[in-house]
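To start, the structure itself, in structure tokens.
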Number of protein chains: 2
Amino acid sequence: MQRKSLISDECPIARSLERVGEWWSILIMRDALHGLRRFDEFSRSLGIAPNMLTRRLNGLVEVGMLERRPYSQRPLRYEYVPTAKGEDFRMVLMSLVAWGNRHYAEEGTSVEVVERQTGRAVQPMMATAEGQLIPLDQCVVQAGPAASTGMRQRLESIPQ
Amino acid sequence: MQRKSLISDECPIARSLERVGEWWSILIMRDALHGLRRFDEFSRSLGIAPNMLTRRLNGLVEVGMLERRPYSQRPLRYEYVPTAKGEDFRMVLMSLVAWGNRHYAEEGTSVEVVERQTGRAVQPMMATAEGQLIPLDQCVVQAGPAASTGMRQRLESIPQ
DNA sequence: CAGTATCCTGTCCGATACTG
DNA sequence: CAGTATCGGACAGGATACTG
């Protein structure tokens, strides 16, 4: 992931992808958010080569998605737990699950996202802080105070 | 993306990533959903090498995210427009934007997602079909009717 | 303008072997 | 159990030149 193009600085999507853009990283986050903690747990769950697992785990720690926490001295052993930032990534994963469900349900396993207590189906939507739902097509990405002029023009030219 | 591991069949996230897991593909979808249509538009917006653009564009057409549509005969010219599946991917992108905003706002450009008419800030949340918001930590991924036993156990073991 | 054709590099990833 | 050390292959991605 050495794209380092101009857009990386400008676009929040590109910026995000730079950190978690790798396939395994996302899958590891999925498992971490499912409660997996230890090297061996990830290893078995994912069937990933150990060197890759080490690399991705370290990478996720570096970008602040996971925290490395000793759970045993002698021998020194670490477990990997999601940070607040990593925990917050759950929403992205949920969106991905929901999207995949809608479009790839036929093939193989079907899953659904539900409210734990009632079992009612839930799906990602946009909403205001007051809890009012806003249709997706009413939502636009807007340049914030710190946006550069270039980015501002980019955004304002969006028909959407 | 030749991972073809067992999980790919079982997990909706892995399945989704198999289609759109590449960096450029996601960025292209972002631009397509912003209204860009033509080769040249993508090319300029992304600064991507033309061969890569062709490759990714074809890939996205193949997996059904974009539709190739002739907009001129002689010479025969195509434009690329999001299919329903591609359009639906917008929610995932919005989640990614929102997440990136919350955690990478400080560096470089800051943007925000707002309701177009009122300018009120909006964010992705989980909700039922009736529009009732459900806190993320109350949401679980549940095996649907078609789920295999293995997957079912995986999911049920989630503490979450 | 909308690509195709080549060539090249980096690195993601897999497989396997080894260690305290 | 939790990694480290190597090796090799596939391919994403970059750069550049060329075409109807």
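Protein chains get the first letters and strands the later ones, always in sequence-line order, with residue 1 at the start of each. Excluded from the calculations below are hydrogen atoms, water molecules and symmetry mates; all remaining heavy atoms, backbone and side chain alike, are included.
- Each of Val111(B), Val114(B), Leu93(B), Asn101(B) was scored for a side chain to side chain contact (heavy atoms under 4.5 Å, CB included) with Val141(A), with one residue passing: Val111(B).
- For Tyr71(B), a side-chain nitrogen or oxygen approaches OP1 or OP2 of dA2(C) to under 4.0 Å.
- Taking the centre and axis of the six-membered ring of Phe89(A), the NZ or CZ atom of Arg19(A) falls outside the cone set by 45° and 6.0 Å.
- The backbone N or O of Val122(B) lies less than 3.5 Å from no partner atom in the side chain of Thr128(A), so there is not a single donor-acceptor pair.
- Residue Phe42(B) is out of contact with every strand shown, counting any heavy-atom pair closer than 4.0 Å.
- For residues 52-65 of chain A, every residue pair satisfying the salt bridge (charged side-chain N to carboxylate O under 4.0 Å, His left out) rule, not counting sequence neighbours, is listed here: Glu22(A)-Arg56(A).
- The salt bridge (Lys or Arg N to Asp or Glu O under 4.0 Å) test applied to Glu67(A) returns Arg69(A), not counting sequence neighbours.
- Looking at heavy-atom distances under 4.0 Å, Arg55(B) makes contact with a base.
- At the heavy-atom level, Arg44(A) lies nowhere under 4.0 Å from the strands shown.
- Considering Leu57(A), Leu46(A), Leu53(A) in turn, Leu46(A) is the only one that fulfils the side chain to side chain contact (heavy atoms under 4.5 Å, CB included) rule with Trp24(A).
- Between its opening and closing five pairs, the helix from dC1(C)-dG20(D) to dG20(C)-dC1(D) changes axis direction by 50°, a value rounded to 10 degrees.
- Among residues two or more places apart in sequence or in another chain, the salt bridge (Lys or Arg N to Asp or Glu O under 4.0 Å) test is passed with Arg44(A) by Asp40(A).
- Residue Thr54(A) places at least one side-chain N or O under 4.0 Å from the OP1 or OP2 atom of dT4(D).
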Legend entry - Contact state string [nucleotides 15-20 of chain C, B base, S sugar-phosphate only, - no protein heavy atom under 4.0 Å]: BB---B
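- Taking the salt bridge (Lys or Arg N to Asp or Glu O under 4.0 Å) definition, one finds that Glu79(A) meets it with nothing, sequence neighbours left out.
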